[in-house]
Protein chains: 2
Amino acid sequence: MRLTERKIAATLRQHGYKLTPQRRSVIRTIASSQDHLTPAAIYQKVHQDQPSIGLVTIYRTLDILAKLELICELHAGGSCHSYTIGARGHHHHLICSNCGEVIDFAGYDLTQLEQRLSRQTGFEIEGHLLEFIGLCQNCQQEDD
Amino acid sequence: MRLTERKIAATLRQHGYKLTPQRRSVIRTIASSQDHLTPAAIYQKVHQDQPSIGLVTIYRTLDILAKLELICELHAGGSCHSYTIGARGHHHHLICSNCGEVIDFAGYDLTQLEQRLSRQTGFEIEGHLLEFIGLCQNCQQEDD
DNA sequence: ATATAAATGATAATATTTTTCATTTACAAC
DNA sequence: GTTGTAAATGAAAAATATTATCATTTATAT
Ligand SMILES: [Mn+2]
Ligand SMILES: [Mn+2]
Ligand SMILES: [Zn+2]
Ligand SMILES: [Zn+2]
């Protein structure tokens with residue numbers, strides 16, 4: 001269930017953040033949108049409500065909200081520019097958060113889930129993104 | 001199985017792209033790395049081999065390689081700046097590639113797969129990213 | 001060897017994100 | 001309500017990242 005404006009405001013304050021009109025407006029904008037929004041898009045919308053707001057404040061607010069997990073960051077097919085070598089056939093990736101090592105793995109099938117989602121939502125599903133993040137063995141040892 | 005330099009070169013030519021020393025070097029760099037690399041990182045490495053190469057050529061080559069699916073683009077925890085409202089509990093996202101609508105869904109458990117991967121690779125898994133991309137009902141109709 | 005379209009690199013333009021710092025403001029304490 | 005204070009804001013600049021333009025070079029087919 002999606003978080004409400006109220007809940008988000010409360011959590012912010014619980015963590016010692018001040019509840020400014022700018023932050024309220026950013027929260028309201030995101031909470032009332034069905035889409036995912038970039039900082040620039042949020043700025044545009046918030047600007048109507050708070051004409052004097054600066055784009056920096058958007059960035060700063062988003063950082064806080066994301067850190068507290070009050071908003072979700074999406075990849076959404078957008079282009080991250082980090083690449084690894086391709087492989088034959090469909091596969092997914094396991095990535096070390098410390099050294100960046102990438103392991104390909106295959107044999108995990110998401111078509112059942114895809115069908116369930118398609119049935120439940122009416123979406124025509126085009127693809128998916130599945131990545132795991134963790135620490136490789138080397139990097140675990142270094143942590144000692 | 002990871003694609004080889006040879007295979008990639010062949011595919012490029014099959015698609016009518018010329019096989020320049022610059023492109024060879026970019027391919028070799030990516031193919032011989034265990035990590036995922038940004039354009040800047042690739043540039044640094046390739047530059048040692050091809051001191052006169054420009055960063056633009058890296059970008060252009062990556063675009064081609066990605067389009068032909070000879071390399072994989074990773075999100076890798078990197079920060080895409082597109083956000084949607086948070087939700088209670090762990091969940092994943094289904095996103096319309098046309099209008100950006102985001103649907104949350106829960107109840108799909110990846111811990112079994114996580115455990116399998118952990119056992120097989122020795123990784124200590126910290127998290128994952130699962131997103132589906134598709135067309136929502138509205139956007140399907142507009143396509144007619 | 002030659003012709004030619006494709007690719008490259010220098011440069012500039014654009015877009016995105018972060019830093020810095022003086023001013024303003026939310027909020028707690030009185 | 002007033003006041004004090006640390007936190008937040010916005011303007012501006014700086015730093016990064018990406019894309020566009022165009023004259024020159026080059027891979028490849030002939
Ligand atoms: Mn891969
Ligand atoms: Mn969500
Ligand atoms: Zn590692
Ligand atoms: Zn849609």
**Prompt:** Hey, which of these two, A:Pro21 or B:Gln22, hits DNA chain C nearer its 5' end, going by closest nucleotide?
**Reply:** B:Gln22

**Position toward the 5' end of DNA chain C (nearest nucleotide), A:Val56 or B:Arg23** = B:Arg23

**Prompt:** If each of B:Lys18 and A:Thr61 is mapped to the nucleotide of DNA chain D with the nearest heavy atom, which maps nearer the 5' terminus, i.e. the 5' end?
**Reply:** A:Thr61

**Message:** Quick check: on DNA chain D, is the nucleotide nearest B:Thr20 upstream (toward 5') of the one nearest B:Ala40, or the reverse? Name the residue that is more 5'.
**Reply:** B:Ala40

What is the distance from [atom1] of [X] to [atom2] of [N], rounded to the nearest Å?
X       : N      : atom1 : atom2 : answer
B:Tyr43 : D:dA17 : OH    : P     : 14 Å
B:Tyr17 : D:dT26 : OH    : C1'   : 18 Å
B:Ile64 : D:dT19 : CD1   : C1'   : 15 Å
B:Ile42 : D:dT18 : CD1   : C1'   : 14 Å
B:Arg24 : D:dT26 : CZ    : P     : 16 Å
B:Leu37 : D:dA17 : CG    : C1'   : 17 Å
A:Leu55 : D:dA11 : CG    : P     : 11 Å
A:Tyr59 : D:dA12 : OH    : P     : 19 Å

**Request:** Starting from B:Leu129, walk the hydrophobic network (Ile, Leu, Val, Met, Phe, Trp, Tyr; side-chain heavy atoms closer than 4.5 Å) and list everyone else you reach, by chain and number.
**Result:** A:Leu129

Between the main-chain N or O of [Y] and the side-chain N or O of [X], is there a donor-acceptor pair closer than 3.5 Å?
X        : Y        : value
A:Gln140 : A:Leu135 : yes
A:Glu131 : A:His93  : no
B:Gln22  : B:Gly54  : no
B:Arg2   : A:Gly86  : no

**Message:** Does D:dT19 have its OP1 or OP2 closer than 4.0 Å to a side-chain nitrogen or oxygen of B:Arg60?
**Reply:** no

**Request:** Shoot me the first and last contacting nucleotide of DNA chain C against chain A, ordered 5' to 3', at under 4.0 angstrom to non-hydrogen atoms.
**Result:** C:dT16 to C:dA28

**N-O pairing of A:Arg24 and A:Asp49 below 4.0 Å** = no

**Request:** Indicate the atoms forming the closest heavy-atom contact of B:Gln50 with B:Pro21, along with that distance.
**Result:** NE2-CB, 3.7 Å

